[in-house]
**Student:** 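A single structure is presented below for examination.
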Amino acid sequence: MEEHNWPLHPRKQYMDQLRALKDAPFIKAITGLRRTGKSTLMDMFRSELMASNIDPKDIFYINLEEDDENTPRDHRALTDLVRSNIEVGKGKYLFFDEIQNVDGWESSIRTFYDHGADIYITGSNSKMLSSQLSTKLSGRAVEISVAPLMFSEYIEFRKDSLHSDERLFSDYIRYGGLPAITISMDRQPARIISEMISGIYNTVYVKDVVERHQIRNPVGLSNLIRFLMRNIGDRTSSRKISNVITGSGIKLSHNAIEEYLEYIEEAFIALRAKRMDIKTLEYLKTQDKFYAQDLGVRNYLSTFREDDMDGILENVVYNELIYRYGDVCVCSVGRYEVDFMVDPLHRPSYFQVCMDIKDESTRERELRPLRAISDNYPKTVITYDRFMLDDIDGIRIVNIIDWLKEWPG
């Protein structure tokens, strides 16, 4: 399968960020789950630089994921390699793909930065900026977090399929939005697609979690990940998880679970949605929710069932809200709960997600938490089925496909 011969699709939001940051005095760190297209973004941006009359001799690129004896594995070797290929300084552009594979890489990056080079790095770890970069590069880096495709992008990637939006959405929630998977959907049978997803997940699991953190209990870790995927959108706690996993005959302590959850988040396998009290605007310390970054990976780990649709729809909306707004949490309103609140400290908006509200009791259950909020900020109920009204008492009612397609992205 020659993916490199397939047409490239620019992801406008991320490309616009890279363009805006060109020559800015920051290290550009492109992070995200493996196969979300970080390397492709870097390649496309390099091509744009060359098309803008920048001399290719002023551009240096290296893929540090290559299993090659000449690939540097420590910062001294990396620094020597770069200096032997390019005179580092202002007007030079340096690109490092999967930088976390180099021991002490932040020392090299700091050296290149101090000499005035414009630096771009990718990595499959969400803690690159907050931990590894914090001491040597504090305040000198900006993160661009690349997610799997949003549905509006997914439609564009598969526009030649001529399928209906409903059919595409069905594929989207079953096989996820990783670009490599998406462009294969109309070229490969379902069996090959499933094998591709399993291969991507196993690489993430082994390289970004087990090997990176030298996990001593990989069976317990695997069961923890599967538990999260089976229970997307459910309130949970490390003690509850420990009880369930221990009950299945696998020993995993409360402390180990807390540690493993951090590693799972770092590798972008699952995302944590914290709960905020609407009165105090403080995060609650218990019963967070977890969502899969990619539903294809989720369904590989936990068989897709129609009974899971409520959680799957929540997952789609959560990922979309993260993409649109960045700051998303679950909202606790007294004894009620609103699925999501965005931008809680400035101009919040509130979202409920459900299959349908045709039944009066269901409609009342979904609207009650939103009605309990006293402010006048936007409130929306997102449904799978279409409802005859688009507004109830000032609360917007919208079909999920229509809502996903609204974002210009």
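All values derive from a computational prediction rather than experimental measurement.
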**Student:** Less than 4.0 Å between a side-chain N and a carboxylate O, is that true for Arg347 and Asp343?
**Tutor:**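 The answer is no: the pair does not qualify as a salt bridge.
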**Student:** Please confirm whether the backbone N or O of Ile245 pairs with a side-chain atom of Ser248, one donor and one acceptor, at under 3.5 Å?
**Tutor:**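 Answer holds: yes.
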**Student:** Show, in sequence, the C-alpha distance, side-chain angles and deciding distance for Asp339 and Val317, and conclude whether the side-chain contact (heavy atoms from CB on, under 4.5 Å) test is met.
**Tutor:** CA-CA 10 Å; Asp339 289 330; Val317 171; over 6 Å; no
**Student:** Do you know which two heavy atoms are closest between Asn319 and Met150, and how far apart they sit?
**Tutor:**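 Heavy atoms of Asn319 and Met150 come nearest at O-SD, 3.8 Å.
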**Student:** Is it the case that the side chains of Asp294 and Tyr300 hold a donor-acceptor pair, with the cut-off being a distance below 3.5 Å and no angle test?
**Tutor:**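 Side chains of Tyr300 and Asp294: no pair found under 3.5 Å.
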**Student:** Under a 3.5 Å distance rule, please check whether Ser242 uses its side chain to pair with a backbone N or O of Ser238 as donor and acceptor.
**Tutor:**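 A pair under 3.5 Å: no.
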**Student:** Under 4.0 Å between a Lys/Arg side-chain N and an Asp/Glu carboxylate O for Asp23 and Lys90?
**Tutor:**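 A salt bridge is absent here (no side-chain N lies under 4.0 Å from a carboxylate O).
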**Student:** Taking 4.0 angstrom as the limit, do Asp171 and Arg158 come out as a salt bridge?
**Tutor:**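 So Asp171 pairs with Arg158 through a salt bridge.
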**Student:** Any heavy-atom pair between the side chains of Val142 and Leu21 that's under 4.5 Å?
**Tutor:**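 Leu21 vs Val142: side chains touch.
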**Student:** Would you find more than 12 non-hydrogen atoms of other residues, nucleotides or ligands less than 6.0 Å from Arg19 atom CZ?
**Tutor:**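 Yes, the 6.0 Å shell around CZ holds more than 12 heavy atoms from other groups.
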**Student:** Any luck finding a side-chain donor-acceptor pair between Glu259 and His213 under 3.5 Å?
**Tutor:**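 Distance-only check fails for Glu259 and His213.
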**Student:** Do the charged groups of Arg110 and Glu106 touch, with an N to O distance under 4.0 Å?
**Tutor:**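 Looking at Arg110 and Glu106, the cut-off is not met.
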**Student:** How are the rings of Tyr323 and Tyr14 set relative to one another: parallel (under 30°), tilted (30 to 60°) or perpendicular (over 60°)?
**Tutor:**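 Ring orientation of Tyr323 relative to Tyr14: perpendicular.
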**Student:** Using the ring of each side chain (for Trp, its six-membered ring), is Phe169 parallel, tilted or perpendicular to Phe151, with breaks at 30° and 60°?
**Tutor:**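 If you compare the ring of Phe169 with that of Phe151, the planes turn out perpendicular.
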**Student:** With rounding to the nearest 0.5 Å, note down the distance linking CG in Leu321 to CZ in Arg324.
**Tutor:**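 Nearest 0.5 Å value for the CG-CZ distance: 7.0 Å.
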**Student:** Answer yes when Asp308 and Arg298 have at least one side-chain N-carboxylate O distance shorter than 4.0 Å, and no when they do not.
**Tutor:**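 Yes, Asp308 and Arg298 are salt-bridged.
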**Student:** Taking all atoms of both residues into account, what is the closest heavy-atom pair of Tyr336 and Ala372, and its distance?
**Tutor:**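 Shortest heavy-atom contact: CD1-CB, 4.0 Å.
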**Student:** In the structure I gave you, are the side-chain heavy atoms of Asn101 and Lys207 within less than 4.5 Å of one another anywhere?
**Tutor:**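 When only atoms from C-beta onward are counted, Lys207 and Asn101 do not touch, as no gap falls below 4.5 Å.
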**Student:** For the CD1 atom of Ile357 and the CD atom of Glu366, what is their distance to the nearest 0.5 Å?
**Tutor:**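 Output value for this atom pair is 8.0 Å.
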**Student:** Determine, for Lys22 against Glu48, whether the closest basic-nitrogen to carboxylate-oxygen distance falls under 4.0 angstrom.
**Tutor:**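 Between Glu48 and Lys22 there is no salt bridge, as every charged N stays at least 4.0 Å from the carboxylate O atoms.
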**Student:** Main chain of Pro10, side chain of Lys12: is a donor-acceptor contact present, judged purely on distance under 3.5 Å?
**Tutor:**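 Not a single qualifying donor-acceptor pair exists.
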**Student:** Minimum heavy-atom separation for Tyr172 to Gly177, with atom names?
**Tutor:**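 The answer is CE1-CA, 4.1 Å.
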**Student:** Ignoring hydrogens and angles, tell me if any N or O in the side chain of Arg73 forms a donor-acceptor pair with the backbone of Leu64 under 3.5 Å.
**Tutor:**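 Yes, the answer is positive, given that a donor and an acceptor are paired below the 3.5 Å cut-off.
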**Student:** Tell me, with the steps shown, if Phe351 and Glu320 meet side-chain contact (heavy atoms from CB on, under 4.5 Å).
**Tutor:** CA-CA 12 Å; Phe351 299 85; Glu320 181 77 20; over 6 Å; no
**Student:** Does a donor on one side chain sit under 3.5 Å from an acceptor on the other, for Asp97 and Thr122?
**Tutor:**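 Result is yes, a qualifying pair exists.
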**Student:** Let me confirm one number: the CG-CE distance from Asn315 to Met229, rounded to the nearest 0.5 Å.
**Tutor:**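 Between atom CG of Asn315 and atom CE of Met229 there are 7.5 Å.
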**Student:** Which atom pairs, one a donor and one an acceptor, fall under 3.5 Å between side chains of residues 218-228 and the rest of the protein, sequence neighbours left out?
**Tutor:**
{"residue": "Asn223", "atom": "ND2", "partner": "Val219", "partner atom": "O", "Å": "2.8"}
{"residue": "Arg226", "atom": "NH1", "partner": "Leu301", "partner atom": "O", "Å": "3.1"}

**Student:** Is a salt bridge present between Lys38 and Glu65, judged by a nitrogen-to-oxygen distance below 4.0 Å?
**Tutor:**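 The answer is no: the pair does not qualify as a salt bridge.
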**Student:** Give me the atom names and distance for the closest heavy-atom approach of Ile278 to Ile373.
**Tutor:**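 Scanning both residues completely, I find the closest heavy atoms to be CD1-CG2, 3.8 Å.
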**Student:** Answer yes if the side chains of Thr31 and Ser126 hold a donor-acceptor pair under 3.5 Å, and no otherwise.
**Tutor:**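 Their side chains do not contain a donor-acceptor pair, so the 3.5 Å distance test is not met.
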**Student:** What do the steps show when you test Arg187 against Ile192 for side-chain contact (heavy atoms from CB on, under 4.5 Å), and what is the final call?
**Tutor:** CA-CA 10 Å; Arg187 297 172 169 87; Ile192 299 298; over 6 Å; no
**Student:** Kindly check if the number of other-residue, nucleotide or ligand heavy atoms within 6.0 Å of CG (Asn376) is above 12?
**Tutor:**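 Open: at most 12 neighbouring heavy atoms sit under 6.0 Å from CG of Asn376.
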**Student:** Counting only N and O atoms by type, is there a donor-acceptor contact under 3.5 Å from the side chain of Ser108 to the main-chain atoms of Gly104?
**Tutor:**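 Not a single qualifying donor-acceptor pair exists.
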**Student:** Can a donor-acceptor pair be found, under 3.5 Å and without considering hydrogens, that links the side chain of Asn399 to the backbone of Asp402?
**Tutor:**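 Flag set: sc Asn399 to bb Asp402 pair under 3.5 Å.
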**Student:** Which residue in the set Phe95, Tyr93, Phe96 passes ring pair (Phe, Tyr, Trp, His ring centres under 6.0 Å) when paired with Phe112?
**Tutor:**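 When ring pair (Phe, Tyr, Trp, His ring centres under 6.0 Å) is applied between Phe112 and each of Phe95, Tyr93, Phe96, only Phe96 qualifies.
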**Student:** I'd like to check Arg174 versus Leu295 (side-chain heavy atoms, cut-off strictly below 4.5 Å). Are they in contact?
**Tutor:**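 They are not in side-chain contact.
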**Student:** For Asp391, which residues count as a side-chain contact (heavy atoms from CB on, under 4.5 Å) partner, sequence neighbours excluded?
**Tutor:**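 With neighbours one apart ignored, the set is empty.
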**Student:** Measure the CD1-CD distance between Ile269 and Glu266 for me, rounded to the nearest 0.5 Å.
**Tutor:**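 Rounded to the nearest 0.5 Å, the CD1-CD separation comes to 10.5 Å.
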**Student:** So with a 6.0 Å cut-off around OH of Tyr384, is the heavy-atom count from everything else above 12?
**Tutor:**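 Atom OH in Tyr384 is not packed in, count stays at 12 or less.
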**Student:** Minimum heavy-atom separation for Leu404 and Ser152, please, with both atom names.
**Tutor:**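 Heavy atoms of Leu404 and Ser152 come nearest at O-CB, 3.9 Å.
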**Student:** Check the surroundings of atom CG in Asp390: do more than 12 heavy atoms from other residues, nucleotides or ligands lie under 6.0 Å from it?
**Tutor:**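 For Asp390, atom CG is not crowded (no more than 12 foreign heavy atoms under 6.0 Å).
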**Student:** Measuring from atom CD1 of Ile241 to atom CD1 of Ile257, what distance do you get when rounded to the nearest 0.5 angstrom?
**Tutor:**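 Between atom CD1 of Ile241 and atom CD1 of Ile257 there are 5.5 Å.
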**Student:** Which residue pairs satisfy the ring pair (Phe, Tyr, Trp, His ring centres under 6.0 Å) criterion with at least one member in residues 45-79, sequence neighbours excluded?
**Tutor:**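 As it turns out, the ring pair (Phe, Tyr, Trp, His ring centres under 6.0 Å) pairs with a partner in residues 45-79, which skip direct neighbours, are Phe45-Tyr120.
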**Student:** Of all the heavy-atom pairs spanning Val204 and Ala267, show the shortest one and how long it is.
**Tutor:**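 Shortest heavy-atom contact: CG1-O, 4.0 Å.
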**Student:** How are the rings of Tyr263 and Tyr260 set to each other: parallel, tilted or perpendicular (split at 30° and 60°)?
**Tutor:**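 Ring orientation of Tyr263 relative to Tyr260: tilted.
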**Student:** Are any side-chain N or O atoms of Arg275 and backbone N or O atoms of Thr286, one a donor and one an acceptor, separated by less than 3.5 Å?
**Tutor:**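 It does hold such a pair.
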**Student:** Quick one: do Glu337 and Lys289 make a salt bridge, cutoff under 4.0 Å?
**Tutor:**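 Salt bridge: yes.
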**Student:** Would the number of heavy atoms belonging to other residues, nucleotides or ligands and lying under 6.0 Å from CZ of Arg76 be above 12?
**Tutor:**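 No, the 6.0 Å shell around CZ holds no more than 12 heavy atoms from other groups.
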**Student:** Nearest 0.5 Å, please: how far is OG in Ser237 from NZ in Lys285?
**Tutor:**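 Lys285 atom NZ to Ser237 atom OG measures 15.0 Å (nearest 0.5 Å).
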**Student:** Any sub-3.5 Å donor-acceptor pair from Thr71's side-chain atoms to Asp67's backbone N or O?
**Tutor:**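 Not confirmed, Thr71 side chain does not pair with Asp67 backbone.
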**Student:** Might you confirm whether atom CD of Glu87 has over 12 heavy atoms from other residues, nucleotides or ligands at distances under 6.0 Å?
**Tutor:**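 No.
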